[in-house]
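Okay, so here's the structure we're looking at.
Proteins come first, then strands; the chains are lettered A, B, ... in the order of their sequence lines, and each starts at number 1.
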Amino acid sequence: MQPVQSHPWTLSAEEAIALQRKLATLVSTEDDLPDPVQTVAGIDLAYNDKQAFAAVVLLEASTCKVQQVVSAEIPVQFPYVPGLLSFREVPAIMRALEKQSVRPDLIVCDGQGIAHPRRFGIACHVGVLYDLPTIGCAKSRLIGKADDPAPTKGSYSELVYKREVVGAVLRTRDNVNPLYISPGHRISVRTALHWILKLTTRYRLPEPTRLADQLVGQIKRKTIGSLFADLNEA
DNA sequence: GCGACAG
DNA sequence: ATCTTGTCGC
């Protein structure tokens with residue numbers, strides 16, 4: 001699949017911030033998903049000294065069964081800067097997605113959606129580029145305040161930033177650290193929570209992101225840069 | 001001015 | 001993100 005739009009990627013931090021403000025205008029938090037959501041994709045990345053690896057896992061929404069896996073490798077060109085994560089990860093994600101034949105009905109990203117200083121986390125970036133519904137599912141907080149949700153699975157509390165509800169802190173399993181859920185594009189906070197819970201089985205992370213995380217790790221190990229270590233074991 | 005700060 | 005085995009607790 002190809003993106004609906006693109007923009008330069010060789011930017012300074014200042015230019016990236018200006019671009020985020022501009023693209024944030026296109027984000028929608030109104031539910032606009034296919035009638036039956038049939039396929040869901042999970043995306044995650046792994047890093048090497050010089051390379052970034054991205055993996056996209058396509059799942060059947062009703063069963064969480066893997067239907068397709070694509071990945072890509074690309075040299076890291078943008079440093080990690082809180083608030084500018086997408087400029088470091090999206091290039092690799094796009095290379096992987098161009099290898100994927102199916103346009104998923106929903107995408108779960110590892111990181112924030114609108115729970116971001118300029119309401120444009122990585123989930124929003126991916127959503128706007130492909131004009132697809134996306135959810136930001138982060139393991140920790142970037143911005144906002146929230147009460148600690150009850151310790152039981154399904155409990156959650158609103159994540160508020162600048163007096164506005166930008167997401168929720170969700171307990172996906174009993175007595176485990178909660179996840180930070182926020183809309184990426186074409187989805188509301190409530191619907192995003194609904195889907196994350198629906199896609200969560202026996203682990204803290206929902207299946208799309210959990211499997212993508214697990215797979216990029218394997219893919220990274222099978223690289224020539226990591227083969228030397230493997231030769232010693234063999 | 002001093003912290004906090006997705007992956 | 002990444003370096004990494006065993007171990008404590010629900």
Side-chain heavy-atom pair [X], [Y] within 4.5 angstrom cut-off:
| X | Y | answer |
| --- | --- | --- |
| A:L58 | A:V66 | no |
| A:V40 | A:L199 | yes |
| A:E60 | A:T39 | no |
| A:I93 | A:I122 | yes |
| A:C137 | A:C109 | no |

What is the first contacted nucleotide of DNA chain C and what is the last, in 5' to 3' order, if contact means an atom lying under 4.0 angstrom from a heavy atom of chain A?
C:dA1 to C:dC10
If pairs are Watson-Crick or G-U with both distances under 3.5 Å, what is the dot-bracket string of DNA chain C, marking crossing pairs with [ ] and pairs to another strand with |?
..........
Backbone N/O of [Y] and side chain of [X]: donor-acceptor pair under 3.5 Å:
| X | Y | value |
| --- | --- | --- |
| A:R21 | A:R118 | no |
| A:K99 | A:S71 | yes |
| A:R204 | A:T172 | no |

Enumerate the residues from residues 150-180 of chain A whose closest heavy atom to DNA chain B is under 4.0 Å, giving them by residue number; use none for an empty result.
none
Under 4.0 Å between a Lys/Arg side-chain N and an Asp/Glu carboxylate O for A:R119 and A:E164?
yes
A:D44/A:R210 salt bridge by N-O under 4.0 Å criterion
no
Dot-bracket, 5' to 3', for DNA chain B please: Watson-Crick or G-U pairs under 3.5 Å, [ ] where pairs cross earlier ones, | where the partner sits on another strand, dots elsewhere.
.......
Run the side-chain donor-acceptor check on residues 72-92 of chain A: report pairs under 3.5 Å with partners two or more places apart or on a different chain.
residue	atom	partner	partner atom	Å
A:S86	OG	A:H125	ND1	2.8
A:R88	NH1	A:F78	O	2.8
A:E89	OE2	A:Y47	OH	2.9

Strictly by modelled atom types, are A:D31 and A:S188 linked by a side-chain donor-acceptor pair under 3.5 Å?
yes
Where do A:Q51 and A:T223 land on the side chain to side chain donor-acceptor pair (under 3.5 Å) test, with the steps shown first?
CA-CA 10 Å; A:Q51 310 291 310; A:T223 288; over 6 Å; no
Take nucleotides 2-7 of chain B nucleotide by nucleotide from the 5' end and write B, S or -, depending on whether a protein heavy atom sits under 4.0 Å from the base, only from the sugar-phosphate, or from neither.
--SBBB
Hey, does A:K220 reach any base, or is it just sugar-phosphate, or nothing, if we go heavy atoms under 4.0 Å?
sugar-phosphate
Select base, sugar-phosphate, or nothing to describe what A:A46 touches, counting heavy atoms under 4.0 Å on all strands.
sugar-phosphate
Just checking A:Q5: does its CD atom have more than 12 heavy atoms from other residues, nucleotides or ligands closer to it than 6.0 angstrom?
yes
Please report the shortest heavy-atom distance between A:V27 and A:C124, naming the atom on each side.
CG2-CB, 3.9 Å
